[in-house]
Amino acid sequence: MNLQDYFSLVFSDYTLRTITLGTAILGAVTGMLGSFAVLRKQSLLGDAISHAALPGIALAFLITGAKDTNTLLLGALVSGLVGTFWIRGIVTKTHLKSDTALGLILSLFFGFGMLLLTFIQKQPNANQAGLDKYLFGQAATLVESDVWLMAIITGICLIVMLLFWKEFKLLLFDADYTKTLGFNTKFIDVLITTFIVLAIVLGLQTVGVVLMSAMLLAPAAAARQWTNSLGKMVFLAAIFGAFSGVFGTAISASQDNLSTGPVIVIVASVFVVISFIFSPGRGLLFRQIRFIKNRRDLEFQKTLAFMYHIAETHEDISHPHTIKILNNFQGFTRKTLQKLVDKNYVTLDGAMWSLTEEGFETAANLYNQNFKKHE
Amino acid sequence: MDNIKNAHSKEKTPVSPSTDMAGAGVIAVKVDDLTVAYNYKPVLWDIDLEIPEGVLMAIVGPNGAGKSTLIKAILGILKPIAGSVTIYGKPYHKQRSHVAYVPQKGSVDWDFPTVALDVVMMGTYGSLGWIKRPGVKEKKAALEALEKVGMLPFKDRQISQLSGGQQQRIFLARALVQDASIYFMDEPFQGVDATTEIAIINILKELRKAGKTVVVVHHDLQTVPEYFDWVTFLNVKKIATGPVKDIFNDDNLTKTYGINYKVSVQK
């Protein structure tokens, strides 16, 4: 199957449609919530939560013996939340910084989860296989009810976000100030964190424990490059996330032996790379272009200002000078001089240049402006 | 800037019988036996402090003296291990609408995706309460505050593109929007140029003229007599508090800073 087949089949084929919808919704909700995590400088929180969810999956299986997704994800949710609030506890109750707390909880829970998985695999139970799919995810196991669950939780998340938009923004920007205004910052914090945990747990089946944090961070990091408004950033992150889901699914479906989760993460990373280079405000490319342009402008202004100073010493501003004098005093280039001629600031007659009336005035203003800036 | 008084007196019930007489006996903020500790080391030790209504007060003291901590404890951002704070005789959480706060400029990430006007609008969030969105009225108030601090031309500017002084003015505007009776400011002059400093102090003096109480964590001892009429010396313990002309002297400075301090005080 190639990409074309995929897009013609996506609306008719049940499996393809389910997976595509699922990954698109997942990308949108993680992108949205990821913006909050990134702006709170809690980028690693997603990583810690997803790893902390693993023992929950194993324990849920050990306790219930069931292997249906909802039971296992419920286990993941509980242990994800426990891990998250332990992180919070460590940060508030001890001297440890949050990166240390995140690292501790991540490795502790993941280690415990792996231990349980190995234990389960040694059990003489035919039912035990397949739990390890939560490590890297398996989008092919998505069924319609999973997608419904994702859609409902995304919907609730969207409503809560719109309701508490003002409070979220305030807390993200200035937590202390939020407190003085009388808002319960703990409540807002718990609300945001709970939704981040929910989104991560939803994604475990598709993308898996190990790569889940990329779903949270990549769309948000890409979106931040394109806008200076929180609303637009969250919206863009959702779009980038959804597109990563769709394109990732399309690519993995059109090739054999490409698992969906990693491909989605790679597509999301491509969005990040493109954004880092090509975004107009913050991108590397435009920054370089602006730098070169500024340098050229400066050269141009320097030459003009130099001519102005020489012209000032003569009664006639258009008093011609040999081109050599520029070479002696100023590292001018023929290109810069040609630009001045193009702008009609200078006339060039053989090897003699002279300032025009217009050039003189522009140079005088240039000088004034610079002078004002230094004041 | 004369309209500050009018702008701030609208729709507010007076919080005390006399709002226009500085130091006339009404106590705006009362701190009793306040002790704050990070871990085991006390940062503030047994502070008793009364701030009269209508004063422009500086809190001075060396680094680590607990100046910011005092403000944060009064505002309920930090939990004291002992003591109490009252604003016009009631606990802070009942008097929030009368209090505005200007945090240290460095306490937030200025690369946050938002514009100047949006930050100033945050000053209206407290009176709006949960869920309700700011509307036309709030926007108008924010624009007025921006005008007062001379930042109206920059209202749509991304906040990271503002200079340090401009960011400080934005924070000041956000507090002005709160339309409060008492203003707490944590080092509003830190890292600003002379022009901005004068602009800010003029606004603070306008506030005092309008009967507001202004409390400022301040570092530049030279300007204390010129800017403020009330001063508190702090170094973990309260050293002294009172009118600048009575207590701003070498004796108290030496007690606070621990070295023989000589400041030419204009009396």
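We name chains A, B, ... by the order of the sequence lines, and we start the count at 1 in each one.
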- Could you tell me which portion of A:L39 (side chain, backbone, both or neither) has an atom closer than 4.5 angstrom to a non-hydrogen atom of chain B? side chain
- Query: Using non-hydrogen atoms only, which part of A:F168 is less than 4.5 Å away from chain B: side chain, backbone, both, or neither?
  - Reply: neither
- Query: Taking all atoms of both residues into account, what is the closest heavy-atom pair of A:D174 and B:R174, and its distance?
  - Reply: OD2-NH2, 2.9 Å
- Hey, is CZ on A:R296 packed in by over 12 heavy atoms from elsewhere, all under 6.0 Å? no
- Min side-chain heavy-atom separation A:K169-B:F112 under 4.5 Å: yes
- Item | Selection from A:L163, A:L170, A:L181, A:N228 maximising heavy-atom pairs under 4.5 Å formed with chain B | A:N228
- Message: Tell me whether the count of non-hydrogen atoms from other residues, nucleotides or ligands lying under 6.0 Å of CH2 in B:W110 goes above 12.
- Response: yes
- Task: Take A:T180 and B:R96 through the side-chain contact (heavy atoms from CB on, under 4.5 Å) test and state the conclusion after the steps.
- Result: CA-CA 7 Å; A:T180 68; B:R96 277 186 220 286; 5.8 Å; no
- Closest non-hydrogen atoms of A:K179 and B:I77, given as atom of the first, atom of the second and distance, are NZ-O, 3.3 Å
- Item | Short N-O contact, A:R40 and B:D109, less than 4.0 angstrom | no
- Message: For the CZ atom on A:F85, are there more than 12 heavy atoms of other groups (residues, nucleotides or ligands in this structure) within a distance under 6.0 Å?
- Response: yes
- In short, B:V108 meets A:F173 closest at the heavy-atom pair CG1-O, 3.4 Å
- Message: How about CH2 on A:W165, more than 12 heavy atoms from neighbouring residues, nucleotides or ligands closer than 6.0 Å, or not?
- Response: yes
- Enclosure of B:E147 CD (heavy-atom neighbours >12, cutoff 6.0 Å): no
- Is it the side chain or the backbone of B:D111 that comes within 4.5 Å of chain A heavy atoms, both, or neither? both
- Task: For atom NE2 of B:H93, decide whether the heavy atoms of other residues, nucleotides or ligands shown that lie under 6.0 angstrom number more than 12.
- Result: yes
- Note on the structure: In terms of heavy-atom pairs under 4.5 Å with chain A, the winner among B:L75, B:T195, B:I131 is B:I131
- Task: Tell me, for B:F184 versus chain A, whether the close heavy atoms (under 4.5 Å) come from the side chain, the backbone, both or neither.
- Result: neither
- Task: Please indicate whether A:F286 has more than 12 foreign heavy atoms, meaning atoms of other residues, nucleotides or ligands, lying under 6.0 Å from its CZ.
- Result: yes
- In terms of heavy-atom proximity below 4.5 Å to chain A, should B:V119 be classed as side chain, backbone, both, or neither? side chain
- Message: What part of B:L78 gets within 4.5 angstrom of chain A, counting heavy atoms only: side chain, backbone, both, or neither?
- Response: neither
- Message: To check you understand the geometry: which heavy-atom pair defines the closest contact between B:W130 and A:I188, and what is its length?
- Response: CH2-CG1, 3.7 Å
- Contacting region of A:F164 [heavy-atom separation from chain B under 4.5 Å]: side chain
- Give the intermediate values and the outcome of side-chain contact (heavy atoms from CB on, under 4.5 Å) for residues B:L128 and A:K166. CA-CA 10 Å; B:L128 282 169; A:K166 168 177 115 244; 4.1 Å; yes
